[in-house]
Amino acid sequence: MSAAVFSFPWVINIFISFGGILIFACPYSYCLHMLNEEIWNLIAKKLSGEANSDELLALEKALRLDPDLHYSLQAIQDIWASNPGLPNDFVEKAFANHEDRLRCVFSDYPDAGSPSAPPDPFPEKNSKRRMRPLLVLAGLFIVFLGTYYAVQPRPESAEAARKAEKKPSEVSTQYGTRTKLLLPDGTSVWLNSGSRLTYDSSYGEVTREVSLTGEAFFDVAKNKQIPFVIHTGKINIKVLGTAFNVKSYPGDRTIETSLIQGRIEVEFQDHSQSSVILHPNQKLVVENNPGETGHPAKITADQPVKSAVSINPVSHFGPDSLITETAWVDNLLVFQDESFTDLAKKMERWYGTHMVIEDQSLDTLHFTGSFEKENIRQALTALQLLSKFNFTIQNGEVHIQKTYQPKNKI
Amino acid sequence: MGEMMIAATRIQQLQTRIARFDDQQAYRELYTSLYPSLYHFILEMIKSRQIAEEIISDVFIKIWEKRKALEEIHNLRVYCFVAAKNFTLNQLEKQKKTATCNLDDYAAHLQSMSVDPEQMMITEEMLKRVQQVVESLPARCRLAFKLVKENGFRYKEAAEILDVSTKTIENQLAIALKKINAAVHFDVCRSIQLSVGN
């Protein structure tokens, strides 16, 4: 295996270092030097999950200039996955010593084994809501500490490991939370709120396939041998290595794929129409048919229905002309000329708060803007500056009402 | 094999249980789940396993003492690391007069980077070299690197623990990676030559 893996970039390196000599002869060598200093910062940020999308793009660019770095990156990534632990009995013994000390200091600290422990007020089995963050963290654990470990059967938990091998890995986010994960091949995925990403434990070995419900930004590690495929709603997205955003929430009117860099191919799962190739800064919008929005999983394979498809440019906003479609990766909630209903849906996911628009006529209002650090009350108050409406927040639910207008009494 | 990193949400639950119900089970879980990372962290600064255990015990005595106000602590994991750092610095101050170094302790510490190289693209030799590089980094740089890499702290949290700016953490990590790369690179070149030779 190592021969195949190592020899290929070796060939490339000759070309690049040849090119390198030419480049260094030109007056831009100073820039390249700067880049080299900055690149370790970018790599550290990528590995620790601190990098935003701009920095990832910058890193990708830098790596393209110096493919030699791919190796270092891979090796450092492997080392990064290591994490020192301690044997359980070691920790247990330390705790026993600690409890002895505690009892000397606090006479009221009860003896070990006393049945006074109250019931767990957060029973994890009974509540799906509580499970979600744990699932996310389970996912993060798998990803950050290396899926290598997670799928390796270990003697003390061979059964659990066997189960894990069959079950696909799943990472999900609740409304109100977002997360970033790193797949075993180095692909980074930012998962927006209310989204779920699943992939097989064999991911990266023969295939790189993931399924997505919701919204995610992908920065796919390049691997020409194994294309990266995303199954979502009724489309499959094939990738060779690139950065792009997919928005495919069940119940939304459209599935949107925005390409930032590279090239991707979108095919329809029911083969009702030919596949579409996207170029950078293009956005593919596929309409969900009315019947599909409720149950996107049940899309008909027997009765292919043509979907309305359009390709638009991605949109920009703000003085720095940030890309609207991927702003959420930088913790910005951006909306452009969106109806109150659509905005409310976004805000529900963003803040994890249920929103009820009590008067249909309010949907004629359209909003453009962005939120960053505002809480939901501040956000709604800001929206009130744009349009007239009232809101109340009760029991974690937001109710939007029409402004009360007193009728003229005669 | 490394300890699983404890979930932030789980810590918050434990925090609540300890604060409201004096829950010993929760207290035990908090202790055992934070112990390995705190232990390695303290050993970075003071080369004595016994003192490391005592310092962690001190930290958790403080937690039990203050349990009624525990819910007011915004980030308990960071809080524990800050407390551990302060206790360690106090201890170092005390030790200044009677400095001793236990070789046995030191050897145990060097094994802290536990990976199975078979599962990765890196060779055992490469890993050894990386370990040497990491151990030879300046103390602050090494601490920043390990807090982020091994304990999964955000830059902001690592900055809070080490009482430096986020920018400093950023710079320290870049320095660490650059140096590690030099160690890795040496081996990569050799592997390539070897595989081409085949």
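From a predicted model like this one, the values you see are computed outputs, not experimental measurements.
Using a 4.5 Å cut-off between heavy atoms, B/Asp58 contacts chain A through both its backbone and its side chain. A/Phe106 touches chain B through its side chain: at least one heavy atom from C-beta onward sits under 4.5 Å away, while N, CA, C and O do not. In this structure, the portion of B/Glu53 lying under 4.5 Å from any heavy atom of chain A is its side chain and not its backbone.
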For this session: List the steps, then state whether side-chain hydrogen bond (donor to acceptor under 3.5 Å, both in side chains) holds for A/His98 with B/Tyr27.
Result: CA-CA 12 Å; A/His98 173 65; B/Tyr27 182 66; 2.8 Å; yes
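At a threshold of 4.0 Å, the pair B/Glu170-A/Lys45 counts as salt-bridged, since one of the basic side-chain nitrogens sits closer than that to a carboxylate oxygen.
A/Ala44 is linked by a side chain to side chain contact (heavy atoms under 4.5 Å, CB included) to B/Tyr155, B/Leu173, B/Leu177, counting only residues two or more places apart in sequence or in another chain. Partners of B/Gln132 under the side-chain hydrogen bond (donor to acceptor under 3.5 Å, both in side chains) rule, at least two apart in sequence or in another chain, do not exist in this structure.
The greatest number of non-hydrogen atom pairs below 4.5 Å with chain A, out of B/Trp64, B/Tyr39, B/Phe60, B/Tyr31, is found for B/Tyr31.
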